[in-house]
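I have placed the structure first, in the form of structure tokens, so that the comments after it can refer back to it.
This one's a predicted model, so the numbers in the text were calculated from it and none came from an experiment. In what follows, every chain begins at residue 1, and chains take the letters A, B, ... in the order their sequences are listed.
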Protein chains: 2
Amino acid sequence: MKTDLDDNQDLSKQIAEAIRDAIINGSLLVDQRLPSEAELCDKFGVGRSTVREALKRLAAQNLIRTQRGASGGAFVNRMSFEEAYGQQITTSTLLLSMNQVDFETACEARYALERACAPLSAQRRTADHLATMRAEIHRQTQPGLTDEAFCASDVAFHRALVDGAGNPVLSYQLAGAVEAMQPLMNMITYTQRDRDRIVEFHTQLADAIEGQDGPTAEASLGQLAEYTVELGRSRLTQSKDRR
Amino acid sequence: MKTDLDDNQDLSKQIAEAIRDAIINGSLLVDQRLPSEAELCDKFGVGRSTVREALKRLAAQNLIRTQRGASGGAFVNRMSFEEAYGQQITTSTLLLSMNQVDFETACEARYALERACAPLSAQRRTADHLATMRAEIHRQTQPGLTDEAFCASDVAFHRALVDGAGNPVLSYQLAGAVEAMQPLMNMITYTQRDRDRIVEFHTQLADAIEGQDGPTAEASLGQLAEYTVELGRSRLTQSKDRR
DNA sequence: GGCAAATGAATTGTCAGACAATTAAGAGGC
DNA sequence: GCCTCTTAATTGTCTGACAATTCATTTGCC
């Protein structure tokens, strides 16, 4: 591990990076214990607060976990899919909201990726995934649903579709694309007609997935994508004009 | 912002989460200055080191940046695509390496996503993207190239393909899928025959992209995906057997 | 001998106080 | 007006202390 630090730089940042690199390149293995804080102080020649700040940086990225007590310490953390999901969603959400990414671009990305899952999902979906999709479709037809709840259900529906592909890496990669869209979709006000149309697409899609008909599923998604972009275009430009 | 903390929990973690939530839900806007460390100490009723550890956690996620001096402080950071790329790649790489994700699963996810980009890239690629693709293909034919360099060039090629779609959100989402595969691919030893075959697919692909022929590009990617999986299957099982 | 309780040691979590480094703004002199 | 000096605010780092937690060892009792 690199232990010579450039002064007049942020020490805790450099230490965190040195340890992170050691984890990535395999010098530190999963569940291996890092040196104690005191030992790290010696190794890097810095005070304890500096070491601690470095460790907190790593903990924030789920790279390590810490445990108190004798035989405690910092351990290299096995990055779980769940943790990775969370990070991905946070990052994606902020990326979209902070960079004035327009609805159309985000929507295109999301549906392009989701289309890639459709054939796999059609092939491998279980009864569970189908049940979730049907349940969400049903929820979407309930009267009195707020726009937020409708969007949340939409996300859950698509999530089930993606998970149906049975590839955890794919599910992880799409977590950001699907979930980060929700805040953008929440800005749209849906008429009953819009909802009916969307539910129609969802039903078509669920039918295709159930029938293991990949091409049709992909086509339905394509139509839905087009409709959603259209919807966003008309609604968001309207609300912009009102300003 | 939530300021009441649960004792007997990690205080710095709770504080970091409270501030993170404030950023996500919009209470804290981009470039807005956070209260100074001293003020945060008062607000949360904790010592300065605790507050500092919380801030370092946020800095590690690129949520804030800090500046010294009068009128310095911590500021909400605009998450840049570049930063998001980096995080995504780190997370994806560790996720794959730490969870014994098999080559086939990762490969499937990667090519599924990449296929989604192909039609868009065929439609919108610029001369720049094409030039990069051609250059990387040329590099891949150079004799004496190490397996690592070959894989790196492969990644660069596919990166150009993805960027050709002209959708930054898509490029971001695929950064992890494409780059995190490299360590896995590095474990494969390529014969000259393998390389020739891959270059063939790459050329086919580049031709299709140049000719704005989306379907052919997608098909080429499909073949390449199949071949890569095949390659991984034979090579990795062999190396496993030798153990 | 065996078991429960007390003790001690190692380690992280938190706090307080100090000083260094950096930066912006203002004061003063020319 | 412009330069220099001072001052104040703020983060970065260090030190020392104590609390909380956990494990291993020892002690004491039966």
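Note on B/Q9: only backbone sugar-phosphate atoms sit closer than 4.0 angstrom, heavy atoms only; bases stay farther off. Using a 4.0 Å heavy-atom distance criterion, B/L11 is classed as a sugar-phosphate-only contact. Note on B/D10: only backbone sugar-phosphate atoms sit closer than 4.0 angstrom, heavy atoms only; bases stay farther off. The residue A/G47 sits close only to the backbone: its heavy atoms come under 4.0 Å of sugar-phosphate atoms, none of a base.
The side chain of B/E37 lies closest to D/dT11 when the candidates are D/dA8, D/dT11, D/dT13. In the set C/dT12, C/dC15, D/dG12, the nucleotide with an atom closest to the side chain of B/S49 is C/dC15. Closest to the side chain of B/S36, out of D/dG12, D/dT11, D/dC14, is D/dT11. Proximity note for B/R68 (side chain, C-beta onward) versus C/dT14, D/dT21, C/dA21: the nearest is C/dA21. Across C/dA9, D/dC14, C/dG13, the shortest atom-to-atom separation from the side chain of A/A70 is found for C/dA9. Closest contact between the side chain of B/T66 and the listed nucleotides D/dG12, C/dT12, C/dA10 involves D/dG12.
Look at CG on A/D6: it is 12 Å from P on D/dT13, rounded to the nearest Å. Distance, B/N8 CG to D/dA20 C1': 11 Å, rounded to whole Å. A/L40 places its CG atom 12 Å from the C1' atom of C/dT11, with the value rounded to the nearest Å. Summarising the geometry, the separation between CG on A/L34 and P on C/dA10 is reported as 20 Å, rounded to the nearest angstrom. Separating the CD1 atom of B/I64 from the C1' atom of D/dG12 is a distance of 14 Å, rounded to the nearest angstrom. Atom CG in A/D7 sits roughly 15 Å away from atom P in C/dA20 (whole-Å rounding). One can place CZ of B/R65 at 15 Å from C1' of D/dT11, the figure rounded to the nearest angstrom. The distance between atom CG of B/L5 and atom P of C/dT14, rounded to the nearest whole Å, is 10 Å.
A salt bridge links B/E179 and B/R159; the closest N-O separation between the charged side-chain nitrogens and carboxylate oxygens is under 4.0 Å. Electrostatic pairing of A/R233 and A/E108 does not count as a salt bridge here, judged by no charged N lying under 4.0 Å from a carboxylate O. Taking a cutoff of 4.0 Å between a charged side-chain nitrogen and a carboxylate oxygen, A/E53 and A/R57 do not qualify as a salt bridge. Under 4.0 Å is where a charged nitrogen must lie from a carboxylate oxygen, and between B/D154 and B/R110 at least one such pair does. A salt bridge is defined here as a Lys NZ or Arg NE, NH1 or NH2 lying under 4.0 Å from an Asp or Glu carboxylate O, and A/E136 with A/R139 meets this definition.
An OP1 or OP2 oxygen of C/dT11 is reached within less than 4.0 angstrom by a side-chain nitrogen or oxygen of A/R33. At least one side-chain nitrogen or oxygen of A/K56 sits closer than 4.0 Å to the OP1 or OP2 atom of C/dG13. A close approach under 4.0 Å does occur between a side-chain nitrogen or oxygen of A/R52 and OP1 or OP2 of C/dG13. Between D/dC14 and A/T50, a contact under 4.0 Å exists linking OP1 or OP2 to a side-chain N or O.
No donor-acceptor contact under 3.5 Å links the side chain of A/R48 to the base of C/dT11.
Taking 4.5 Å as the limit, every side-chain heavy atom of A/D147 sits out of range of all side-chain heavy atoms of A/N186.
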